[in-house]
There are 2 protein chains.
Amino acid sequence: MKRVSLKDIARIAGVSPSTVSFVLNGKAKQMRISETLASKIMEVAKKEGYHPNPVAVSLRTGKSQILGLIVETISGNFFASLSRIIEEEAARFGYKIVYTSTENKLQKGKELIGMLSQRQVDGYIITPTPGMEQDIKELIADNKPVVLMDSYFPGIDVPHVLVNNYEGVKRGMAHIIEKGYRRIGFVTVDLNLVQMEERLKAYFDTMHSEGLSTDNLVLSIKYEEDKELGIQQVTDYIKNTPELEAVFFATNYLGLLGLESIHRLGLKLPDDLAMICFDDHDVFRLYPPGITCIRQPAEEIAKTALELLMDQLGKGNGSLGETKIEISPGLVVRGTTEFVQKVNK
Amino acid sequence: MKRVSLKDIARIAGVSPSTVSFVLNGKAKQMRISETLASKIMEVAKKEGYHPNPVAVSLRTGKSQILGLIVETISGNFFASLSRIIEEEAARFGYKIVYTSTENKLQKGKELIGMLSQRQVDGYIITPTPGMEQDIKELIADNKPVVLMDSYFPGIDVPHVLVNNYEGVKRGMAHIIEKGYRRIGFVTVDLNLVQMEERLKAYFDTMHSEGLSTDNLVLSIKYEEDKELGIQQVTDYIKNTPELEAVFFATNYLGLLGLESIHRLGLKLPDDLAMICFDDHDVFRLYPPGITCIRQPAEEIAKTALELLMDQLGKGNGSLGETKIEISPGLVVRGTTEFVQKVNK
DNA sequence: TGTAATTGCTATATCGATATAGTATTTATT
DNA sequence: AATAAATACTATATCGATATAGCAATTACA
């Protein structure tokens, strides 16, 4: 029950601790320990059930075999999937994950970085929030391996993976325009994030290149803790925008607010209003008639992020070449952008 | 940029490391360090931005100020909420959380316990899965603080918090019976968990005490990775159960399968079939007409679990008295158990 | 045969903290 | 005045590993 230390193994095997350390770390040859002795030591270690104390190893080597993962929030399907896959992939390289969330609080994000670096994590996968630039710069300056996920800072040279936001919205817009919608609104949030800017830009570009006006069609809601306030803003927007035919919600959180609003206004999807949303959600799949969305390939993003990190840690195969990666999203067509349907089913 | 150690502070302040340690650990009085010197040391430490290296502290003291949290899966609203609250509460006591999930794999759960104990976590909050009895017994035998959450092992004496499953189903059953439903089915899963047994028992007890038959009304679906297989089982069950009026789903995961099935069968909620579910879900709130459910008070469960753990760690106020706690769930009435409604809105 | 090189291992400083046992100085006691 | 006790600290072993420098003993070489 009580733990056996390396010293114990050394004593039992009748050798010095250094010898045990060399053997168990695969440096037997390099340190010219005889085969006989090496295998004897391995045997003793196995029989005694020896496992090195990671805390001691960490103190001595400065490496912890732990990666820090900072996401926006644990709740939320997208981040939950990301986390699960990252955990799995990391395990294949012998790394554990310490999972933390900022809950969109800048201060908490900063604290987390500090906490993780104190804990000597070997690398970071971070979903950055505005204001974290400085902290991330410091990590980089400190030579810490960092990968940003889902967003990035245009000014700073840090490896990152994210979905191609511009392309995603372009694709979604192409879809609804092809379906015949013209008065298309766009609901975004006033967080100063590149991905939001990209999405909005794609909306404007598409509308304008189609010769469509965007006047009074864009709502940027104030980011609020309180969901009710968000719903109110969206409801007012839908009510007060004449002849609105379709709405593009820039995030799934906004889409959920939208659903609530539409539900409360007694509007029928898609007859009264069509909708499409960036990012999928359980609800979108199940809520009749199904909400059309742009799907972020969580698995690919997660795996790529880990690969980028492993490359920095010298454990990757460097197969990616690039360190700034944008992944193409998919379009999932469901009922909210179909004029017809509703006949079968 | 490079870290300052306790020794650095000692050197700068012109004292010995021990003195610095005493002062910074609040043992100045006890060790009769003069006020003057103490405040000087504190000043130096602050100016130099000293933060103790948690890894070294952990090695020396055997304490890590980290708690291990093992839940079933990161995805899943209930566990996500639990985790968030636990993280918050733990922070108030100066503890960090290492968050891991078993994904319902026994083997992974066992490995996680081993991993966490190697990492010297100071305590465990575990959502136990069948087969983990032995590992948990060992933790207890090893004097490790443990709290089980959401389930427990009847045979083993370990502090635990969970919702009162029996009461929850009783309450839900009372509700639908009062609404006039009589042919009520029950869908559960063939995992050997106490909470499932309790829920099923409450169903049987209620039905029988009301003089209602339960013949062929219970479906225990095989736990499968593949969602599609689950949906198939539920679909078959609904289709082949004559005159089914209402279904009680024992978990929200089952409820989601049920929704899919009902949707595919083209049934209308609640006209063709009423439903109620144990445990809430985003989808249940948003999916029209809203799914009636038994809500587990996540916040209370999380806080209680942490309190139980803190009591064991000697940091709690022991205000709970009991160490085996069942919390009353709430009934959330929505559209799927209302014959009428659908008029307003 | 004497020196150099190689083999096969060990001694020990170190990572950064904690805590016990000890030491020098001052104050109290008889 | 001599001893005891209290004050205000310090020296150092320790947690459990790693890794550098070193040290016998053997083999190679000239």
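Chain A is the first sequence line, chain B the second, and so forth, proteins listed ahead of strands; every chain is numbered from 1.
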Short side-chain N/O contact from A:Tyr50 to OP1 or OP2 of D:dG16, under 4.0 Å: no

Nucleotide C:dG8, atom P - distance to NZ of A:Lys29 in whole Å: 12 Å

First of B:Leu59 and A:Met31 reached from the 5' end of DNA chain C, by closest nucleotide: A:Met31

Side-chain ion pair, B:Glu111 and B:Lys108, N-O less than 4.0 Å: no

Closest to side chain of B:Ser18, choosing from C:dA17, C:dA19, D:dA19: C:dA19

SB check A:Lys303 A:Glu299 (cutoff 4.0 Å): yes

Side chain of A:Leu37 (C-beta onward), nearest among D:dA17, D:dC9, C:dC9: C:dC9

5'-most by nearest nucleotide on DNA chain D - A:Thr61 or B:Gly14: B:Gly14

Salt bridge B:Glu43-B:Lys40, side-chain N to carboxylate O under 4.0 Å: no

Sugar-phosphate, base or nothing in reach of B:Thr19, heavy atoms under 4.0 Å: base

Sugar-phosphate only, base, or nothing, as touched by A:Val55 at under 4.0 Å among non-hydrogen atoms: nothing

Closest listed nucleotide, where the reference is the side chain of B:Leu6 and the choices are C:dA17, D:dT20, D:dC9: C:dA17

Short side-chain N/O contact from B:Ser5 to OP1 or OP2 of C:dG16, under 4.0 Å: no

Under 3.5 Å, sequence neighbours excluded: what are the donor-acceptor pairs made by side chains of residues 149-158 of chain B?
unit_1: B:Ser151; atom_1: OG; unit_2: B:Gln195; atom_2: OE1; d: 2.7
unit_1: B:Asp157; atom_1: OD1; unit_2: B:Lys324; atom_2: NZ; d: 2.6

Euclidean distance, atom NZ of residue B:Lys27 to atom P of D:dC9 [Å, nearest integer]: 18 Å

Closest to side chain of B:Phe22, choosing from D:dA8, D:dG16, C:dT20: C:dT20

B:Val15, nearest nucleotide to its side chain (from C:dA17, D:dA17, D:dT10): D:dT10

